[in-house]
Each structure stands twice: as structure tokens, then as C-alpha cells.
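First up is the structure itself, then whatever we jot down about it.
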Protein chains: 2
Amino acid sequence: MAQARRYAGGIDGNRSLERGVEILRAFRPGVDTLGNGEIAERTGLPRSTVSRLTRTLVNSGMLDEVRSERAYRLAASVISIGHAMRTGSPVLNAIGPMMRAESARRRLNVGLATADRTMMVYLESIRYSPRAALRNVVAGQQVPMELTSLGRAYLAGTTETERERLLKQFKRRSAAATRALLAEVRRSISAVERDGYCAVSWQPAVLAVATPIVLEGLPVYALNMSLQNVERSDALASELGAYLNAFAARCKEVLAGR
Amino acid sequence: MAQARRYAGGIDGNRSLERGVEILRAFRPGVDTLGNGEIAERTGLPRSTVSRLTRTLVNSGMLDEVRSERAYRLAASVISIGHAMRTGSPVLNAIGPMMRAESARRRLNVGLATADRTMMVYLESIRYSPRAALRNVVAGQQVPMELTSLGRAYLAGTTETERERLLKQFKRRSAAATRALLAEVRRSISAVERDGYCAVSWQPAVLAVATPIVLEGLPVYALNMSLQNVERSDALASELGAYLNAFAARCKEVLAGR
DNA sequence: CCCTTAATTCCACTCAGTGGAAACGCTGGG
DNA sequence: CCCAGCGTTTCCACTGAGTGGAATTAAGGG
């Protein structure tokens, strides 16, 4: 028969594995434990399936079982895999130390992020504080792509196709002020094309500027600098932007040499 | 038939999911990209199976594909899941800030870890340095259980069954000096039972002491303190041990209140 | 002690997953 | 320019691994 029969192991990928990953993803930042029921609800999977898959994830060391609560939490394995990701990243290895130095020198926050679906994930976020004890490095934190300078710089750096795909997803999600928001996102993208960076005040009293880093054979990254406790002004934004452009240029130089 | 037929979805867990996790685990710290062939070699899975599973992991956002090298690397998703694990951890939330304060006060390294198979994984490792810029926080780093104070404190804190299971695994792995090593491990465990902590110099010129933290409904953790650039002495070890015992007591107090 | 609520196990059905083999597509050498 | 060599992906017949609704068991709550 010339019928286009679809074979199971085919192009779609492995169903159970996909579902297992979705279960891990159901543990969003801040949630401690989840029961099978709650996981089933969040993922839309049948409860019996969830029960089997969570058991597998426990055996594989990705989840810890909390017998007393009949619940599960992410196991330490996930951070060790995360650590492997960070130490493997050639970009972070190359410019991480530069970022730390720059943060200290300019007395501002410096971050490096890339995309996970519609969120930006920090590979490294160096929070400057005059009080040394409060200086802080965070990795893995997510911020929304469409609302942040990091995200918009990423959009400017990625391919046309990917960008349009993502813009469609923002539309689908936030029923609110979509029209204005999308226009603003496009304006930020133009700013990146024109000035090399875009400036956004996502959180009150924080001014952030970001720029994309595009390298062959690597995902698109975005580099940012930010300052707390300032009121937004164009002058400040362009000063920060100039620092960022200079720093990004140095980074790209280092990265070009493999 | 009274035959004990084994049903597929049965007790063993889901095969594909298990394999997918093994593939993620194949990316050890320091490796950047892996091709399907290399993954197949490391995991012992058939190449065609690896090909299908890596494709699924790419679709699920856990791996990034590097077309030009026909290889894969861990995607940013894994650190965002890792971040979720850390922010969800009630223990880290409760005592993380205390650890940072204690590190600054005593001018030494403070770490919190738990087990992943036969390795200890840092949830938080605060490296003290007089030069503020070099102060450092690492999470996800692994150290061998049998060789470190952290690991031996963990062994002392875990159940009899689990401890013996792990000791057997050490024997299996390191063909060398096993006899002496195991005796040393047992001596450290006794030290924990007697003094509350054990002291080990795993790395040259670093003295570390550790103590277990055992809480209902949570994995066993180990807390450690360490000092670089010192020669090991019993006096120093017991001074550090006293600091650790005092600090651990305060931690347990905080943790007891939920 | 019984009743509600949720997790787990059971199990017949079937299609999703498997892996050996064949096809593909680089890459460098002659 | 073509070919050889090698690693990756696709093909596909086979089958048992995985599925999910129903039954069962276990855990609080009154």
C-alpha cells in the first residue's frame, strides 16, 4: 500500500520521555512538593500515568519521594546536571570572569541569559551591592522574554522565523494590553538594530540595558547590565548602553578566538 | 493461570524515560557537546535509540542541537529546573542566609550538600575569601562521598540499609586501597557519632569538618565548614568542629520550627 | 469506626518503541 | 571530481512496553 503509514518510533519523539520532562517542568520555582494528583492536574496527564512516571523519576534519582506527604520534590540530581550545563558552556567559561570584573569595576549588575521557551534564563546574574556580603550570583532564574531587556535583545538576535513564532506565543498568553506590548517589543528590537542595545525598566526603579550575542553553533545569548534605585532617564540609559556595547565588544573578541 | 505474569507498565518503571535521564546524565561537568555516538557509548544504548531520544530531548527543550557538529549540549532548561529545586528547598531557604552570615563571621567556607547516588552534591557552597571579589557561591558541584567529610557525615546520618548499600558500591568501584579506605570511612562515621562531626583533609592543605542534618520528610543533608591553606592539626580540627556543632545546633533549631 | 478523598495497582488491549539493517550525507584524499 | 570511510539518521516488521479506565487499597476526618 502506498499509504503513508506513520511508524511509532517516528518523527514525533518518545512520548513517555516527553511526559517525564513535563513532570519535571511542573516543579516551578517556589514550589516545594507536588503530589501525583497535582502533577496530573498541571500536566494534563492521566493520574495512573503520572503515578508510574513519578516512580520512574524517583528510581532515576530526579525526584525524591516524601512518603509522609505522598508527594515528590526535585532531587539534588537536577542541580548537578545544571552544574554540568554551566561548566560545559563555553560562553560562560569565557566571559563569566570578565562579567564579574566588570560588575565590580562599574558597580552595576551584569547578567548573561538565554531562552527557555518563552522565558529568559540567567546562566549568570551578578548582583552588585556596595555591601560585599550581599553580593549575589544567581543562575537559573527566569524572567519573561517579552517584558525584559534581556528577552527583547534575544528576540533581536534570533532568526526571523523564531522571532515571529515567539511573538505569536506572547499574543496567545497575555490577553491584556497585547497590542501596545507587541509594539513596544518591536520598538526595542529596532533599538537593538540601531544602537546595539535596548533599555527597559521592567521592575520599578531598575534600569536595564541588554544586547544579543550571536555565535555560530551556539544558542543566541543576551548580555545585560542594570542599576537599581535609579529613576529612568535617557541620559543614564545611553551611558549604560555605551558601557554595555564596549563590554560586549570585548566579549565577542574573546569568544571569536574559539 | 497462576503464573506470575509481569505486566509492562509494572513495577520497574518506564524504560524510555529512564534512558532519557541516563542520556542527560551522560553530560558530566566539563563536557560541552556530545554526539549521538558518544552518548551511545557512554550509556550503552543502541545508536538508533539514542538518536530518537536525543531528538525528543531537543523537542522538550532539555538539549540544544549543534547542527554543524552533529552534537548536542545541555540546554538552559536544566538550570531553570535546578533553580526551581533550590528555591523550593525548605532547608536551603531556611539556613542559606545563616550560612552566608556564618561564613563572613568566621571567615571560612560553609557548605550544604546531599547525596546523588554515590556523590555528594552541594546545594550551596560559600567560599570565603578575604578578597571580596573572589567570594564565590557554587551549587551543583559534586564531590565523592567516600573521600569527603560531607560524604562521611551523610553516611553517618542515613539509614543502616542505605549506608551498607553505598559502602558496597564504593568497594565495587575503586579496586585500589579499598580495605584501608573503608576502615577510614567507618572511623569517620564513629567520629560523627562520638563528637557530632568528622574531619577530613581530602584536598591538600584544606581542612574540612562536616555533620549530618536529619529531618523527617526530607533527604539527609550534610553541613560542612572548611579552611584553605592550613596544615592539618587536631587542635584546629576540634576548634572547627566546635564551631560547626554550634552552628548546626542553631540551624536545627530554626528547621524544627517547620 | 465508617466515610470521603486520593493514590496505587490491575489488566486486557494495542500502538508506541525497538534495534538491526539500509540509506544518507558529510569530509577529506587521491 | 569522484570515491572511500565513517557516523548519523531513517526505515520498518515485530512485539512487549506502555496505556488508562476500573478496581483496589491506603490515608485522614468526623
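Order of the sequence lines sets the chain letters (A, B, ...), proteins ahead of strands, with each chain counted from 1. Nothing here was measured: the structure is a model prediction, and the numbers come from that model.
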With a 4.0 Å cutoff (strictly under), does any side-chain N or O of [X] reach OP1 or OP2 of [N]?
{"X": "Ser16(B)", "N": "dG18(D)", "answer": "yes"}
{"X": "Asn14(B)", "N": "dG17(C)", "answer": "no"}
{"X": "Arg15(A)", "N": "dA16(C)", "answer": "no"}

With a 3.5 Å cut-off and no angle check, do the side chains of [X] and [Y] form a donor-acceptor pair?
{"X": "Glu22(B)", "Y": "Thr43(B)", "result": "no"}
{"X": "Thr56(A)", "Y": "Glu18(B)", "result": "no"}
{"X": "Ser77(B)", "Y": "Arg25(A)", "result": "yes"}

Original post:
Could Arg250(B) and Glu253(B) be called an ion pair, given the rule that one side-chain N must be under 4.0 Å from one carboxylate O?
Top reply: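 No.
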Separation of atom [atom1] in [X] from atom [atom2] in [N], rounded to whole Å:
{"X": "Leu53(A)", "N": "dT8(C)", "atom1": "CG", "atom2": "C1'", "answer": "14 Å"}
{"X": "Glu69(A)", "N": "dT5(C)", "atom1": "CD", "atom2": "C1'", "answer": "17 Å"}
{"X": "Arg55(A)", "N": "dA7(C)", "atom1": "CZ", "atom2": "P", "answer": "14 Å"}
{"X": "Glu65(B)", "N": "dT9(D)", "atom1": "CD", "atom2": "P", "answer": "7 Å"}
{"X": "Arg47(A)", "N": "dT5(C)", "atom1": "CZ", "atom2": "P", "answer": "12 Å"}
{"X": "Leu17(A)", "N": "dG18(D)", "atom1": "CG", "atom2": "P", "answer": "11 Å"}
{"X": "Glu38(A)", "N": "dT8(C)", "atom1": "CD", "atom2": "C1'", "answer": "18 Å"}

Subject >> Presence of donor-acceptor pair under 3.5 Å, side chain of Arg52(A) and base of dG20(D) >> reply: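 Per atom types, the contact qualifies.
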List every contact pair, protein side and nucleotides 23-30 of chain D side both N or O, where the distance is under 3.5 Å.
none

Subject >> Rounded to 10 degrees, the angle between the two terminal axes of the helix from dC1(C)-dG30(D) to dG30(C)-dC1(D), each from five pairs >> reply: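 Helix axis angle between the two ends: 40°.
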Original post:
Any side-chain heavy atom of Leu45(A) sitting closer than 4.5 Å to one from Ile23(A)?
Top reply: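 Leu45(A) reaches Ile23(A) side chain to side chain.
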**OP:** Look at the side chain of Ser89(B) and the backbone N and O of Arg86(B), then say whether any donor-acceptor pair between them is shorter than 3.5 Å.
**Re:**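 No: the side chain of Ser89(B) does not pair with the backbone of Arg86(B).
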Please report, to 0.1 Å, the donor-acceptor pairs under 3.5 Å made by any side chain of residues 61-72 of chain A, with sequence neighbours excluded.
from	atom 1	to	atom 2	distance (Å)
Glu69(A)	OE1	Thr33(A)	OG1	3.2

Original post:
For Ile213(A), which of Leu218(A), Leu255(A), Thr114(A) qualifies under side-chain contact (heavy atoms from CB on, under 4.5 Å)?
Top reply: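 That would be Leu255(A); it is the only one of Leu218(A), Leu255(A), Thr114(A) passing the side-chain contact (heavy atoms from CB on, under 4.5 Å) with Ile213(A).
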Original post:
So what does Arg19(A) touch, heavy atoms closer than 4.0 Å: a base, only the sugar-phosphate, or nothing?
Top reply: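 Since only primed, P, OP1 and OP2 atoms lie under 4.0 Å of Arg19(A), the category is sugar-phosphate.
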**OP:** Tell me what Ser48(A) touches on the nucleic acid: a base, only sugar-phosphate, or nothing, going by heavy atoms under 4.0 Å.
**Re:**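 Result for Ser48(A) = base.
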Subject >> Proximal nucleotide (of dT19(D), dT9(D), dT9(C)) relative to the Asn36(B) side chain >> reply: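 Ranking dT19(D), dT9(D), dT9(C) by closest atom to the Asn36(B) side chain puts dT9(D) first.
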Subject >> Arg186(B) atom CZ, over 12 foreign heavy atoms within 6.0 Å >> reply: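 No - once you tally the heavy atoms of other residues, nucleotides and ligands closer than 6.0 Å, there are 12 at most.
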